[in-house]
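Working notes for the structure below.
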Amino acid sequence: MELLGVVRIRGVAGTPWKIQLALSELRLHRTFNATFVGSTPAVKGLLKVVEPYVTWGELDEEVFRQMVSKSLARQLSKEELEKVLTNIREGKVEGDASGLVKLPVRLHPPSGGFKGKISRPYKARGEFGYRGKAINELLIRMM
């Protein structure tokens, strides 16, 4: 299963209740919160609903490791970290890994700012919506 990184980029003012509900199912309650989810049809449907409020794409291995290590509740040994990573990658762990990983990951605004408008889709030189592998560059700028 492919992992998707999802980042909330817009706030709550004027958000319809359906979109607020979908964002809470993704555990994205605040701006600049990020999470990783499996690429399933249910998740893709949620992402279509909340598209104007989030940006997402496929996570690289190195960025995934940095996100997990940033969200760890305590420091782990290499063996424990590899076990947590494989469990999350295989979809065995939903949410938190028995209290080890805290989701969502709280990030900073991107260094250098957003390159486009957050009210315009990524394909139209904006920021929201599906961005593929370019999500890794954004996450690195936000960590």
Legend entry - Common cluster, L107/F114, ILVMFWY with side-chain heavy-atom separation under 4.5 Å: yes

Inset, instruction - Could you tell me which residues satisfy side-chain contact (heavy atoms from CB on, under 4.5 Å) with S111, sequence neighbours excluded, listed by chain and number? - result: R141

Inset, instruction - State, yes or no, whether a side-chain contact exists between R8 and R30 at a heavy-atom distance under 4.5 Å. - result: no

Legend entry - Close side-chain approach of F128 to I9, heavy-atom, < 4.5 Å: yes

Legend entry - Side chain proximity check, M67 to F36, heavy atoms < 4.5 angstrom: yes

Inset, instruction - Answer yes if L59 and I140 sit in the same cluster of Ile, Leu, Val, Met, Phe, Trp and Tyr residues linked by side chain heavy atoms under 4.5 Å apart, and no otherwise. - result: yes

Inset, instruction - Could you pull out the closest heavy-atom pair between A22 and L46, with the gap in Å? - result: CB-CD2, 3.7 Å

Inset, instruction - List the steps, then state whether side chain to side chain contact (heavy atoms under 4.5 Å, CB included) holds for T31 with V12. - result: CA-CA 8 Å; T31 309; V12 297; over 6 Å; no

Legend entry - R131: partners by side-chain contact (heavy atoms from CB on, under 4.5 Å), with sequence neighbours left out: T55, Y122, E127, A134, I135, L138

Inset, instruction - Any salt bridge (Lys or Arg N to Asp or Glu O under 4.0 Å) involving residues 58-69? Give me the pairs, sequence neighbours left out, ordered by first then second residue. - result: D60-K133, E61-R65, E61-R89, R65-E82

Inset, instruction - Take atom NZ of K44 as the centre, draw a 6.0 Å sphere, and report whether it contains more than 12 heavy atoms from other residues, nucleotides or ligands. - result: no

Inset, instruction - Fit a plane to each ring of W56 and Y130, take the angle between them on a 0 to 90° scale, and name the class: parallel (under 30°), tilted (30 to 60°) or perpendicular (over 60°). - result: tilted

Inset, instruction - Could you tell me which residues satisfy side-chain contact (heavy atoms from CB on, under 4.5 Å) with P16, sequence neighbours excluded, listed by chain and number? - result: I19, Y53

Legend entry - Evaluation steps, side chain to side chain contact (heavy atoms under 4.5 Å, CB included), between V50 and L26: CA-CA 10 Å; V50 299; L26 289 169; 3.9 Å; yes

Inset, instruction - Would you check, one step at a time, whether the test side chain to side chain contact (heavy atoms under 4.5 Å, CB included) holds for F32 with R106? - result: CA-CA 6 Å; F32 306 128; R106 184 77 176 135; 4.2 Å; yes

Inset, instruction - Side-chain contact test, heavy atoms from C-beta onward, threshold under 4.5 Å: evaluate it for V37 versus V6 and give yes or no. - result: yes

Legend entry - Set of side-chain contact (heavy atoms from CB on, under 4.5 Å) partners for Q20, sequence neighbours left out: T15

Inset, instruction - Answer yes or no: is there a side-chain heavy-atom contact under 4.5 Å between V7 and M142? - result: yes

Legend entry - Rounded distance [0.5 Å steps], CG in N136 versus CD in Q66: 9.5 Å

Inset, instruction - Determine whether L4 and L47 make a side-chain contact, defined as any pair of heavy atoms from C-beta on separated by less than 4.5 Å. - result: yes

Inset, instruction - Hey, could you give me the CZ/NZ distance between R125 and K117, rounded to the nearest 0.5 Å? - result: 10.5 Å

Inset, instruction - Write down the atom of L28, the atom of N33, and the distance for their closest heavy-atom approach. - result: CD2-O, 3.5 Å

